[in-house]
Amino acid sequence: MKAPKFNYVKAESRSHALQLLDELGEDGRIIAGGQSLMPTLNMRLSQPDTLIDINKIPDLGGITLDGNIVRIGALTRHVEVANSPVVAEHLPLIAEAMPHVAHHAVRNRGTIGGSVALADPAAEMPACVLALGGTMVVESVNGSREIAAEDYFHGLYETARETNELLVELRIPAKKTGDISVFMELAQRHGDYAMAGLACVARINGNAFEGLRLVYFGSEDKPTLASKAVSAVIGQAWSEECKEAATKALEDDLDPMANLQGSSAMKLHLQKVLTGRALDTAIERAEAA
Ligand SMILES: Cc1cc2nc3c(=O)[nH]c(=O)nc-3n(C[C@H](O)[C@H](O)[C@H](O)COP(=O)(O)OP(=O)(O)OC[C@H]3O[C@@H](n4cnc5c(N)ncnc54)[C@H](O)[C@@H]3O)c2cc1C
């Protein structure tokens, strides 16, 4: 199938894009890398009246370390994130996750802002941003606001961003000394969207978890922060019994959606398996550090 007819406007500046978003409302749609939007147009799953191209806006990309915050412009391509020394040193969770995002061709065009704006529940970057306690910066003609990742992801492709708001930047706390991160996912083929996945950030003392954030993706309708599984682990010496308690508690944290890739029960099983593997790996990484 071919895309339906649409108007196309190249935004010359950030303020031009904001003006267009405000004027067009529901009829306007930002296009960044186009790696998710164009397939949905071609399949007629989406029929916006006008595409607003933000690719030529000069100050929307780039990665900088600002104190203890890594600032990533929304238009930064996945490939730039993957190759960034700042990300490798200060956001190792994202560095570990990025090779799982699609394939080279998609990573060359797709943007981190597009991924977070779209909020696909099986996407890697939203889960990482939530696990790391990041903040989304959005702008409209009325000004700018910051939205914590905990408040940003509302549901299936639903976020706290309003129709007239442009996502301009992600602000993500840099790794603190002693932080351990682990990223794992299961997909049918490498580069496919995840059937189940886990972004984990931990603080470990000896063989006990002192702090832990577990964010699951690929099974729920949005990236999901676990609380019960974390409570089962914190302060306990890591052991097979503790692992069992954590995976049992996960049944109260998750309510997986069945889809073509598998049933709810199968996805819960996969997330349990990943939990055990990720926490074992976190302990190993802490011992090796
Ligand atoms: C074959 C294939 C496999 C893929 N596999 C994966 C995968 O395994 N994991 C994964 O995470 N992704 C995957 N993707 C998607 C890819 O990562 C996309 O690049 C990403 O989801 C969207 O980024 P984009 O820049 O292409 O956004 P676009 O397609 O341009 O836009 C996506 C949506 O976000 C909105 N948007 C984009 N930027 C902004 C902004 N700055 N402010 C407000 N709204 C904005 C658009 O209006 C649109 O609704 C895959 C894509 C393909 C084609």
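As the structure lists them, so they are numbered: ligands from 1, and atoms in each ligand from 1. Values below: every heavy atom of this structure, side chains too, minus hydrogens, waters and symmetry copies.
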Query raised in the report: With a 4.0 Å cut-off on heavy atoms, is His100 touching ligand 1?
Result: yes
Query - In one Ile/Leu/Val/Met/Phe/Trp/Tyr side-chain cluster, 4.5 Å: Met125, Tyr152 - result: yes
Query raised in the report: Can any side-chain N or O of Glu185 pair as donor or acceptor with the backbone N or O of Leu198 at less than 3.5 Å?
Result: no
Report summary line: The ring-ring contact (aromatic ring centres under 6.0 Å, His included) partner of Phe217 among Tyr193, Phe153, Phe183 is Phe183
Query - Non-hydrogen atom of His78 closer than 4.0 Å to ligand 1 - result: yes
Query - Geometric N/O contact Gly191 with ligand 1, under 3.5 angstrom - result: yes
Query raised in the report: Is any NZ, NE, NH1 or NH2 atom of the basic residue among Lys272 and Glu251 found under 4.0 Å from an Asp or Glu carboxylate oxygen of the other?
Result: yes
Query raised in the report: Is ligand 1 less than 4.0 angstrom away from at least one heavy atom of Arg161?
Result: yes
Query raised in the report: If you measure from each non-hydrogen atom of Asp192 to ligand 1, which part falls under 4.0 Å: side chain, backbone, both or neither?
Result: backbone
Query raised in the report: Looking only at N/O atoms, are Val106 and ligand 1 under 3.5 Å apart anywhere?
Result: no
Query raised in the report: Is it true that Asp179 and Lys176 have a side-chain N and a carboxylate O under 4.0 angstrom from each other?
Result: no
Query raised in the report: Should Ile54 be listed as contacting ligand 1, given a heavy-atom distance under 4.0 Å as the test?
Result: yes
Requested in this report: Evaluate the side-chain proximity of Glu220 to Pro121: yes if any heavy-atom separation is below 4.5 Å, no if none is.
Outcome: no
Report task. With atom 28 (P) of ligand 1 as the reference point, say which of Gly28, Ala187, Gly34, Gly114 has the nearest heavy atom. Result -> Gly34
